[in-house]
Amino acid sequence: MQIEFIPIDFDSVDIEGKSMVRMFGRTKEGKSCCVIDTCEPYFWLIPKKKVDIGKYIEKIKKIKMLHAGRYAEVVDVQIKAKKHMGKEVKALQVFVNNPKDITVIKDIAKEFKETEAKREIDFNFVTRYIIEKDVKPLRLHAVEGKELSKSELLTKDIVLNVDLVIQANSIKLLDGDEFKPKLLAFDIEASELEIGKGEIVMVSLVSDNFEKVITWKHFPDAPKEIEFVKNEKELIEKFKETIKKQKPDCLVGYFSDGFDLPYLRARADENNVELDLGLDESKVTFIKGIITSSKITGIVHVDLFKFVDNIISPMLQSESVSLNAVAKELIGEEKIKVDLGKISKEIKKENKIKDAELRKFALYNLQDSILTYKLALQLWPNISEMTKIVSEPLFNVSRASYSYLVENYITHNLKEFNEISPNRPTYDKIAERKERGKYTGAFVFQPEPGLYEDIAVFDFRSLYPSIIISYNISPASLQENSKDALAVKDVDLGNKKRTFYFSKKRSFIPILLKRLIESRKKVKQELKIKHSPILAARDYGLKTLSNALYGYYAFFGARYYSVECAASITSLGRYYIHKAIEETNKAGFGVIYGDTDGIALTLNKKTEAQAIEFLEEVNKKLPEDMEFELEDFFKRGIFVTKRTGEVGAKKKYALINKKGKMKIRGFETVRRDWCNLTRMMQDHILGQVLKEGKADSALEYTKDIIKKLRSKKILIEDLAIQTQLRKSIEDYVSIGPHVAIAKRMQEKGLPVGIGSMIEYVVIEGKGKNNERIRDKARLPDEVKEGGYDAEYYIDHQIVPAVETIFNVFDIAKEEIVESKKQKKLGDF
DNA sequence: GCGCAAATGATACC
DNA sequence: ACCGGTATCATTTGCGC
């Protein structure tokens with residue numbers, strides 16, 4: 001039979017001794033379907049030069065080893081003319097029965113004296129299958145094959161709760177519409193945060209036109225979405241039943257890899273319930289890595305937190321990736337505010353909780369799933385477009401880092417270049433790479449502090465990607481000599497300047513990168529004609545993936561690792577930004593600042609039209625893949641000194657454009673580890689100064705804030721300083737205020753750990769001069785109104801944030817703040 | 001015990 | 001361990017006196 005099919009989830013299983021790939025997905029008509037198929041597993045052996053290939057092959061073919069209850073043996077060996085890192089190689093393609101045998105066989109073959117190298121030994125079988133059969137996750141395929149009946153499956157010991165099971169003969173990519181999955185969001189509430197320690201009190205599930213909360217905490221007049229059960233065991237069973245009824249393609253949580261699913265599993269074990277959510281009735285499995293992920297057969301478990309944290313966070317304004325912050329920014333909705341600490345305490349003590357409180361708790365739980373569901377809908381274009389670009393399964397892509405995505409985009413496209421992939425680095429190799437010192441990166445121009453008028457900002461569009469393409473920078477094109485090569489000078493790997501050469505013949509990685517950029521150009525054009533979330537997501541995916549290649553080259557875990565490439569890219573970056581500065585000044589403009597790929601300049605009485613004309617001239621001289629463009633014109637801008645020393649501070653400036661919109665970089669206003677009062681005040685005075693061109697009203701404003709601070713009129717919440725705990729408490733060498741507070745929280749039994757945001761307020765000390773700030777830091781809850789140390793906030797928050805700005809206007813610190821002594825004198 | 005520079009740590013820029 | 005280097009700044013820590 002023939003069907004049209006969209007693969008969503010992938011796994012591999014042994015059926016009658018043979019490794020098979022199972023693709024779970026939907027037919028075009030929306031039926032749930034499992035397509036079973038396979039491909040021949042293999043890896044590569046590269047022989048040393050001058051070996052007797054015939055004898056070598058015979059030796060390889062004889063490999064047979066009892067391993068894990070079965071014989072690992074070589075099925076076939078074929079000689080192929082391949083390429084490896086751009087060089088032609090004669091390689092042996094070693095076919096085996098089962099992908100698991102590769103580990104055994106490659107180790108034996110490695111010992112043979114004829115073996116130079118083994119390759120593609122670490123490819124996942126699903127990835128191998130996707131590459132070999134040209135399957136594209138989330139896209140429509142024509143599948144021709146044999147339908148397997150229930151009884152046929154049972155004889156093979158398979159249970160699959162889907163509408164249709166097909167053993168494929170062939171699978172072919174088709175053009176098809178966008179696929180819209182059935183998403184089901186969920187969220188649990190437990191009495192203790194530590195996994196398995198407490199009980200699961202509630203679970204909520206939300207899908208299209210579906211909302212449900214399951215709980216064993218009863219209360220009267222419950223809304224219709226709430227379903228009461230007897231106990232935790234029934235809760236878990238009801239949860240399972242709901243998923244089975246809803247039949248989602250994806251089960252979506254927020255931090256569910258790290259919390260909800262492991263918790264459910266722990267409690268299911270405790271209650272002797274199987275957490276068998278898989279379509280093959282298998283239990284949820286946990287894939288151990290640095291961060292564990294939870295997998296359900298046939299249903300893609302998506303932990304939205306991971307996707308947001310890894311992929312989406314760069315485009316967010318939000319300073320945190322909490323569900324509340326992200327939902328607020330992306331869908332304009334927030335969590336319900338509930339005192340979780342209080343509720344969990346009451347549940348633990350088995351107190352009778354007020355009905356109204358329980359009701360609110362249930363709605364809180366439901367709201368979390370609603371937010372997760374809406375976020376999942378909103379982010380689906382990003383997840384699915386990235387999946388389609390990279391060709392890896394949705395499960396992997398939704399948890400992937402950019403390095404993984406870049407690498408897989410490359411490996412999934414090697415076939416057309418006849419390339420064999422390098423291996424993933426070994427543990428030792430990684431350790432060695434980590435030892436490497438830093439190479440020279442980008443250039444940053446030191447600005448002259450001051451207030452400037454009529455400013456333009458120019459930048460290179462995608463500087464590093466365009467350099468990689470223009471200079472063909474890749475480990476495969478890096479060559480020893482200067483023959484037919486592009487030279488890159490002044491590459492500094494840490495000690496001395498060197499020159500590297502890259503072949504003129506385009507290599508596969510720059511070709512693939514160019515392809516990403518070209519696709520993006522097309523997408524951008526389409527977007528101009530008609531906006532669509534899918535195109536916008538594709539644009540974002542193509543852009544971020546292109547930008548990640550440079551960092552990938554210098555990443556110690558990369559297959560295509562090359563510091564030489566990374567350092568060559570930055571060297572060229574420095575060359576072009578210097579060149580741009582030089583040309584801009586030569587044309588009569590005045591460059592005032594620059595960082596990596598862009599510059600700020602004063603028009604120097606020249607017109608905007610002249611600036612644009614100048615850009616056109618510059619572009620004529622640039623390589624065709626590079627472009628220098630206008631970001632915006634600005635009415636005014638301020639550059640300040642460093643707080644220590646008179647020189648201009650880099651990465652710290654504020655500009656205001658013609659429409660009055662500010663662009664603030666590096667100032668305390670944009671740093672989350674300064675208190676709200678400081679941030680709001682600095683933002684305000686920067687606005688005043690940039691709009692008015694003078695600091696009179698800003699000075700008044702600042703003095704007023706100081707007065708309010710001293711008269712204790714500032715709210716504690718505006719004085720709380722937030723700092724993230726970035727390692728576990730014991731690991732700190734230096735105990736700063738936030739670490740001291742974290743310890744305090746731990747003693748109080750409050751949840752703290754790596755990643756926690758620690759909030760503290762500084763209170764008045766006991767008068768000892770040598771008292772450390774950490775000794776005066778308290779949790780905001782512990783500080784009563786007006787209980788803060790006003791002088792600390794003036795000296796350590798307000799003054800540091802305004803001092804350098806007022807210095808631009810020749811206003812000294814003494815004019816901003818009169819010392820406490822002076823004030824007291826004046827009071828008399 | 002004081003004053004200083006160095007070390008540590010967090011966060012931002014591109 | 002899950003992309004890079006450059007940069008600022010606060011606070012603590014360690015050292016010499």
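Just so it is clear: chains get the letters A, B, ... in the order the sequence lines come, proteins before strands, and each one is counted from 1.
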request  = Tell me, please, whether A/F395 has A/R399 positioned over its six-membered ring: NZ or CZ under 6.0 Å from the ring centre and within 45 degrees of its axis?
outcome  = yes
ask   = Cation-pi between A/R778 and A/Y760: NZ/CZ under 6.0 Å from ring centre and within 45° of the ring axis?
value = no
For the pair made of [atom1] in [X] and [atom2] in [N], what is the distance, rounded to whole Å?
X      : N      : atom1 : atom2 : result
A/Y760 : C/dA10 : OH    : P     : 12 Å
A/R671 : B/dT11 : CZ    : C1'   : 4 Å
A/I287 : C/dC2  : CD1   : P     : 19 Å
A/D492 : C/dG4  : CG    : C1'   : 15 Å
A/E319 : B/dC13 : CD    : P     : 10 Å
A/N310 : C/dA1  : CG    : P     : 16 Å
A/E631 : B/dC14 : CD    : P     : 9 Å
A/K652 : C/dT6  : NZ    : C1'   : 15 Å

Closest to the [X] side chain: [options]?
X      : options                : result
A/K651 : C/dC2, C/dT11, B/dA12  : B/dA12
A/H738 : C/dT12, B/dG9, B/dC14  : B/dG9
A/F555 : C/dG4, C/dT6, C/dT12   : C/dG4
A/P800 : C/dA10, C/dC2, C/dG4   : C/dA10
A/A649 : B/dT11, C/dT6, C/dT8   : C/dT8
A/R665 : B/dT11, B/dC13, C/dT13 : B/dC13
A/V733 : C/dG5, B/dT8, B/dC14   : B/dT8
A/R436 : C/dC3, B/dC14, C/dG5   : C/dG5
A/W674 : C/dG4, B/dA10, C/dA10  : C/dA10
A/T440 : C/dT6, B/dA10, C/dT13  : C/dT6

task = Step by step, work out the side-chain contact (heavy atoms from CB on, under 4.5 Å) result for A/F806 and A/K813.
result = CA-CA 8 Å; A/F806 284 120; A/K813 185 179 158 185; over 6 Å; no
For [N], does either OP1 or OP2 sit under 4.0 Å from a side-chain N or O belonging to [X]?
X      : N      : value
A/R726 : B/dT11 : yes
A/Y792 : C/dT11 : yes
A/R643 : C/dA10 : yes
A/Y561 : C/dG4  : no
A/T596 : B/dC14 : no
A/Y653 : C/dA7  : no
A/S401 : C/dC3  : yes
A/K650 : C/dA7  : yes

message = Once hydrogens and angles are ignored, does a donor-acceptor distance under 3.5 Å link the base of B/dT11 to the side chain of A/R672?
response =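 Side chain to base: no pair below 3.5 Å.
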ask   = With a non-hydrogen cut-off below 4.0 angstrom, is A/Y409 in contact with a base, only sugar-phosphate, or nothing?
value = nothing
ask   = How is A/G551 classified with respect to the nucleic acid when contacts are heavy atoms under 4.0 Å: base, sugar-phosphate, or nothing?
value =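 Base contact.
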request  = Would you check if there is a donor-acceptor pair between the side chains of A/T440 and A/D492 at a distance under 3.5 Å?
outcome  = yes
message = Does either side chain, that of A/T669 or that of A/Q682, offer a donor lying less than 3.5 Å from an acceptor on the other one?
response = yes
task = Could you label the plane-to-plane angle of the A/F460 and A/F628 rings as parallel, tilted or perpendicular, counting under 30° as parallel and over 60° as perpendicular?
result = tilted
Aromatic ring pairing A/Y593/A/F639, orientation class (parallel under 30°, perpendicular over 60°, tilted between) =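 Plane angle between 30° and 60°, so tilted.
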Contact nearer the 5' end of DNA chain C, comparing A/K642 with A/Q797 = A/K642
